[in-house]
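Here is the structure we will look at.
Starting from 1, each residue takes its place in the sequence as its number.
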Amino acid sequence: MKKTGMAKSDAKKLMGKMAAPGASAFGGGDAATIDRREQRKRDQAAGLVPFAVKLNGDLVQQLQTLAKERQLDLNQLVAELLAKGLAA
């Protein structure tokens, strides 16, 4: 690879890091933010398992509205609703 190609590749990597979520921590970081690996460890310790589903957009909007009304995290609301539905 030529020198210009390597410089272009490095610039793309840098731009990707700046546009990524958590870019505010770019270049130094904040002690209060938790990286993904640490969050994954905490979730595993709490017995949480990632579970992805595809839902209708209207249903998701209803869930988000209900979560805001109850001042709950969306994950907590969905877990509560699933537990109630399965118990019935």
Side-chain angles (χ1 to χ4, degrees):
M1 183 179 279
K2 293 183 180 179
K3 187 176 181 179
T4 54
M6 292 197 47
K8 189 175 183 181
S9 175
D10 289 342
K12 283 183 181 180
K13 287 180 188 177
L14 181 62
M15 293 302 291
K17 287 181 184 178
M18 290 174 54
S24 62
F26 182 76
D30 185 13
T33 60
I34 301 172
D35 65 342
R36 290 181 183 173
R37 184 176 294 161
E38 181 64 28
Q39 185 63 47
R40 198 174 317 124
K41 287 180 184 178
R42 288 182 182 190
D43 289 348
Q44 287 175 348
L48 300 176
V49 178
F51 182 73
V53 296
K54 292 184 180 184
L55 301 172
N56 185 314
D58 295 333
L59 180 59
V60 172
Q61 191 172 22
Q62 288 177 348
L63 288 170
Q64 290 172 340
T65 303
L66 187 59
K68 286 179 184 177
E69 288 174 2
R70 293 189 184 181
Q71 296 179 347
L72 288 174
D73 180 29
L74 188 60
N75 291 325
Q76 293 171 335
L77 177 70
V78 171
E80 179 185 319
L81 293 173
L82 282 172
K84 284 182 183 178
L86 291 172

(message) To the nearest 0.5 Å, what is the distance between NZ on Lys41 and CD on Gln44?
(response)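 Separation between the atoms: 9.0 Å.
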(request) Quick one: pull up NZ in Lys12 and NZ in Lys8 and give me the separation to the nearest 0.5 Å. (result)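 Answer rounded to 0.5 Å: 5.0 Å.
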Enumerate donor-acceptor pairs with a distance under 3.5 Å from any side-chain N or O in residues 47-74 to protein atoms, sequence neighbours excluded.
unit_1	atom_1	unit_2	atom_2	d
Asn56	OD1	Asp58	N	2.9
Thr65	OG1	Gln61	O	2.9
Arg70	NH1	Glu80	OE2	2.6

